[in-house]
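Each remark here refers to the structure printed beneath this line.
Worth knowing before you read on, the calculation uses all heavy atoms, side chains too, and leaves out hydrogens, waters and symmetry mates. So that the names make sense, note that chain A is the first sequence line, chain B the second, and so on, each numbered from 1.
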2 protein chains.
Amino acid sequence: MQRVTMMDVAKLAQVSPSTVSLYLRKPAAVSAAAGQEIARAISTLGYVPNLVAGGLAAASSKVVSIIVPSIRNAFFAETVSTLQSELAAEGLQVLLGHSEYGEDQEEALVRTALSWAPAAVVLTGLSHSAETRKLLQASGVPVVEMWELGGKPIDMAVGFSHPHVGASAARHLLSKGRRAIVFLGARMQEDHRAEKRASGFAETARMGDVLSYEIINHPGAATVEAGSLLLTRALERIPNLDGIACSNDLIALGVLFECQRRGITVPDDIAVVGFGDLDFSASCIPSLTTIRPSGDLIGREVARLILNSIQGERPEGSARIIDTGHVLIERRST
Amino acid sequence: MQRVTMMDVAKLAQVSPSTVSLYLRKPAAVSAAAGQEIARAISTLGYVPNLVAGGLAAASSKVVSIIVPSIRNAFFAETVSTLQSELAAEGLQVLLGHSEYGEDQEEALVRTALSWAPAAVVLTGLSHSAETRKLLQASGVPVVEMWELGGKPIDMAVGFSHPHVGASAARHLLSKGRRAIVFLGARMQEDHRAEKRASGFAETARMGDVLSYEIINHPGAATVEAGSLLLTRALERIPNLDGIACSNDLIALGVLFECQRRGITVPDDIAVVGFGDLDFSASCIPSLTTIRPSGDLIGREVARLILNSIQGERPEGSARIIDTGHVLIERRST
DNA sequence: TTGAAAGCGCTAACAT
DNA sequence: ATGTTAGCGCTTTCAA
């Protein structure tokens, strides 16, 4: 497949292969004359470096392995997208894997990832199998865990506290005078981060001046449909329900639709706060009060950490943990 | 990084490295006794094959490079997700890149992709720079173009006809007695597929019994917000508007919201048909008539084509083009 | 069925 | 600034 090699370029440019290699990695280290010759040879031959060979020789490839639960989730799609762009700008490729919220699957992905001698590995969350941690630690590869803070990371971490998010949602509902509140989540048996938002919510509710608070889980994925179902369940259990926090804006949208169907007025009858600030959240009816985690920012910070680790000194101490925080955006639904 | 090598395994199992290599690829070709020894050695040493070295020696790596315009787009997220899962099951890794609808960006991505000596390359659509086609053709790597049909593919293609989709939308509106119809699209100056849906729509409208038809483009991304803006523009230009086709369900959702804000009843005043059958489309108010392209199915078929190409004979003739079609799902919005 | 040998194309000391 | 020299860890003929 690979026709032209560095050797061919070297011959045409009348230099040694190592000079070509050097030119490719540090153009400034080569004399202007040689550089010109090499550049010409590269373009006339249409030379494309073989990164596989380079990776083998350098014992580390220009690949960053990213493992997310699911790319269908808009949160992770946003982060992966940003990350990919930032890394591509530095000549790094993204190897993508989906754990589907399974630690065993994640472990298998990490194993294959490591067999690529990646420049870095990015994982989602702080919960991993013991073996996963061991593998990564032993590998010496820079590791960034993203989208969660609050535990001891394997190496570096970029994210925010999910309990804090849940607490913010609860506090916001309380500040609006809501006293019978509920947290609607999906797939929380697997999605530990959603589950932590729920706990933060419950914690704050418990300390607050409420008549009742509850957490309801939908075992399936976080979809609009799930939101409808969850609202139905919630109304059955809490007739005087007046405040809802959702673990995801899709669920919140489903809640809004279901309220509309039932003639429940948002926010007069029930206030709704979501999580994610997705595409539709500002434009739906009523516009959705939500908590923005900024998947974009997470992507940028992860990229920064990785680039620092590779081309320079690895971050130390507190520089290895970056809190991207969260912002509650108040709109019409509360 | 890489500690244990095949050599170590061979030593412990008292065989030669090439026997270990053989065992790893074709366990049946090795004697039961040797196989057992090797298996034991691998597990006691915790050996993980180095795929970089393997890729170099075999002159083709177990990587499939996928290039999509944007992973933030739910359509492509679905396909990539399915594709990744199917390929991972066969030991193939996914290298992801975003072209952001730019042919130059795509070309750069293809270039790097090829430098990994990938097992296959997957592109989105049939429009690419001449250089991109040349690079891929010269490489001899299996190439699959997805999400579009109707031109001559570089190698293989899986998708459907976008003009046909636009035509279906127009026909559907006409069948509902709509006579002043419009196609609302976004980013059509870059998104050729959306633009083709628009042409198919216009073509059918022109032939049909309509009072007026029009295509309106929003230069930005296809978002809910864009849908609101587009409806506003459409109403200014076509006061008697009674039918809308959207290039994306997000736009359609924005249209539904804007109608609600303006007191326009869907479908009585205006019928709306979308494209994508996204998460919310079945549950919004009113539920959205839409055209489902099935990103899932595309992912599965692309995977099948790739696997056939790799581990067997490459598909020939008409087997290299797979039409996944589209389905119009009628719901309340029309 | 197994092993020996020859690279795959490149990088990275080291020497010049 | 440039070239020489060894590999990186594995696959793959080819012989045995």
Side-chain angles (χ1 to χ4, degrees), chain A residues 1-38 41-42 45-63 91 112 114-119 139-140 310, chain B residues 1-38 41-42 45-63 91 112 114-119 139-140 310:
Chain A
M1 307 295 105
Q2 200 82 23
R3 291 250 78 96
V4 186
T5 72
M6 190 176 273
M7 178 85 94
D8 300 322
V9 174
K11 270 183 193 144
L12 186 60
Q14 316 232 54
V15 294
S16 77
S18 53
T19 304
V20 177
S21 173
L22 188 61
Y23 169 78
L24 252 25
R25 278 164 303 112
K26 304 179 83 191
V30 166
S31 71
Q36 295 237 325
E37 282 306 311
I38 294 171
I42 286 176
L45 293 174
Y47 170 70
V48 177
N50 182 330
L51 292 177
V52 180
L56 179 59
S60 150
S61 62
K62 293 216 162 298
V63 153
T112 3
L114 288 178
S115 65
W116 282 100
S139 74
I310 295 173
Chain B
M1 307 296 110
Q2 201 82 20
R3 289 250 81 93
V4 186
T5 74
M6 191 176 274
M7 179 83 97
D8 300 322
V9 174
K11 271 184 194 144
L12 186 59
Q14 316 232 55
V15 293
S16 77
S18 45
T19 305
V20 177
S21 173
L22 188 61
Y23 169 80
L24 252 26
R25 278 165 302 109
K26 304 180 83 191
V30 165
S31 72
Q36 295 237 325
E37 281 307 311
I38 293 170
I42 286 176
L45 293 173
Y47 169 70
V48 177
N50 181 331
L51 293 177
V52 179
L56 178 58
S60 153
S61 63
K62 293 214 159 301
V63 152
T112 4
L114 287 178
S115 66
W116 281 99
S139 74
I310 295 174

Any chance you could list the contact pattern along nucleotides 11-16 of chain C? Use B for base contacts, S for sugar-phosphate-only contacts and - for none, protein heavy atoms under 4.0 Å, 5' to 3'.
-> BB----
Separation between OG1 (A:Thr5) and OH (A:Tyr47), nearest 0.5 Å, reads 7.0 Å
May I have the distance from B:Met7 (atom CE) to D:dC10 (atom P), rounded to whole angstrom?
-> 10 Å
Select base, sugar-phosphate, or nothing to describe what B:Val52 touches, counting heavy atoms under 4.0 Å on all strands.
-> nothing
Under the side chain to side chain contact (heavy atoms under 4.5 Å, CB included) test, which residues partner B:Ser18, sequence neighbours left out?
-> B:Ser16
First locate atom CG of B:Asn50, then atom CG of A:Leu114, and finally report the distance between them rounded to the nearest 0.5 Å.
-> 11.0 Å
Rounded to the nearest Å, what distance is computed from the CG atom of residue A:Leu51 to the P atom of nucleotide C:dC8?
-> 18 Å
Figure out the CD/P separation between A:Glu37 and D:dA1, and round it to whole Å.
-> 18 Å
Would you mind listing every side-chain hydrogen bond (donor to acceptor under 3.5 Å, both in side chains) that reaches into residues 26-36 of chain B, with sequence neighbours excluded?
-> none
B:Lys62 NZ - D:dG9 P separation (whole Å) | 20 Å
Quick one: A:Tyr23 OH to D:dG3 P, roughly how many Å, whole number?
-> 15 Å
Would you mind listing every salt bridge (Lys or Arg N to Asp or Glu O under 4.0 Å) that reaches into residues 50-60 of chain B, with sequence neighbours excluded?
-> none
How long is the line joining CG of B:Asn50 and P of C:dC8, in whole Å?
-> 18 Å
Nearest heavy-atom approach of B:Pro17 to B:Met6 is O-SD, 3.5 Å
Of the residues in residues 26-35 of chain B, which ones touch DNA chain D at a heavy-atom distance under 4.0 Å?
-> none
Whole angstrom value for the distance that separates C1' of C:dC8 from CG of A:Asp8 = 14 Å
For C:dG3, does OP1 or OP2 lie under 4.0 Å from any side-chain N or O of B:Ser16?
-> yes
Looking at residues at least two apart in the chain, or sitting in another chain, which of them share a side chain to side chain contact (heavy atoms under 4.5 Å, CB included) with B:Ala13?
-> B:Val15, B:Glu37, B:Ile38, B:Ala41
Length of the line joining B:Gln14:CD and C:dG3:P, which is rounded to integer Å = 10 Å
For A:Thr112, what residues pass the side-chain hydrogen bond (donor to acceptor under 3.5 Å, both in side chains) criterion, not counting sequence neighbours?
-> none
Rounding to 0.5 Å, atoms NZ (B:Lys11) and CG (B:Leu45) come to a distance of 11.0 Å
